[in-house]
Amino acid sequence: MLEWQIVGIGTRLNSDDEIGLALVRALTEEAEWAEKCVLWEGADAATVTSSLLEWSRATVLVDAADMRLAPGEYRFFPDRDASVTLKDSSVSTHGLGLPEGLQLARSLGFDQPIYVFAVQPFDLSPRQGMTSEMTALFPALLSALRAACVRVSQG
């Protein structure tokens with residue numbers, strides 16, 4: 001059986017950047033998922049790298065991401081399909097962000113599967129609470145995340 005975990009990433013201080021935390025927090029309330037869930041609030045590249053190396057298991061990372069999609073849309077993909085190029089116009093609420101942490105973990109020998117469940121935010125303004133639009137989509141996003149995690153669990 002595949003050893004794996006689900007990690008919610010984000011912050012409650014930038015509106016829809018909370019979506020990763022909120023989705024994984026909701027999974028912790030379900031017995032079949034609870035033990036697999038971890039929350040990384042405000043995680044930076046060092047946290048991502050050190051945690052992945054310590055766990056040495058397959059991981060599903062759940063986060064808000066600017067993918068140039070319509071707000072509220074999501075994508076589920078292997079980390080190797082994620083861009084690891086820093087863009088001058090890009091600012092991460094996590095300092096050096098997720099792509100850099102993944103790249104560093106891979107360069108240090110992490111060889112387990114990593115998947116990203118990314119949601120396009122409506123708003124990342126500095127304020128607590130997700131937008132009403134993201135809140136309305138929450139049940140559908142949670143269902144999509146569950147389905148993605150089932151695929152991972154089946155190897």
For the [atom1] atom of [X] and the [atom2] atom of [Y], what is their distance to the nearest 0.5 Å?
X	Y	atom1	atom2	value
T49	L102	OG1	CG	7.5 Å
R57	L52	CZ	CG	11.0 Å
C149	K36	SG	NZ	9.5 Å
I114	Q5	CD1	CD	11.0 Å
D17	I9	CG	CD1	10.0 Å
R12	R127	CZ	CZ	15.0 Å

Residues M130, F138; criterion side chain to side chain contact (heavy atoms under 4.5 Å, CB included); working and verdict: CA-CA 10 Å; M130 293 184 293; F138 190 85; 4.2 Å; yes
N-O pairing of R146 and E32 below 4.0 Å: no
Could you check whether any side-chain N or O of [X] sits under 3.5 Å from a backbone N or O of [Y], counting only pairs where one atom can act as donor and the other as acceptor?
X	Y	result
Q120	E73	no
D66	R68	yes
T11	L13	yes

Find out whether [X] and [Y] are in side-chain contact, i.e. whether some heavy atom of one side chain is under 4.5 Å from a heavy atom of the other.
X	Y	answer
L104	S107	yes
R151	Y115	no
F76	V60	yes
E41	L21	yes
R25	E18	yes
L142	L27	yes
I6	F117	no
L39	T28	no

Partners passing side chain to side chain contact (heavy atoms under 4.5 Å, CB included) against L141 (at least two apart in sequence or in another chain): I19, L23, Y74, V119, M134, L137
For E133, side chain to side chain contact (heavy atoms under 4.5 Å, CB included) partners two or more places apart: F122, T131
Nearest heavy-atom pair of [X] and [Y]: which atoms, and what distance?
X	Y	value
L53	A105	CD2-O, 4.0 Å
A118	A65	CB-CB, 3.9 Å
P139	A136	CD-O, 3.5 Å
S15	D123	CB-O, 3.4 Å

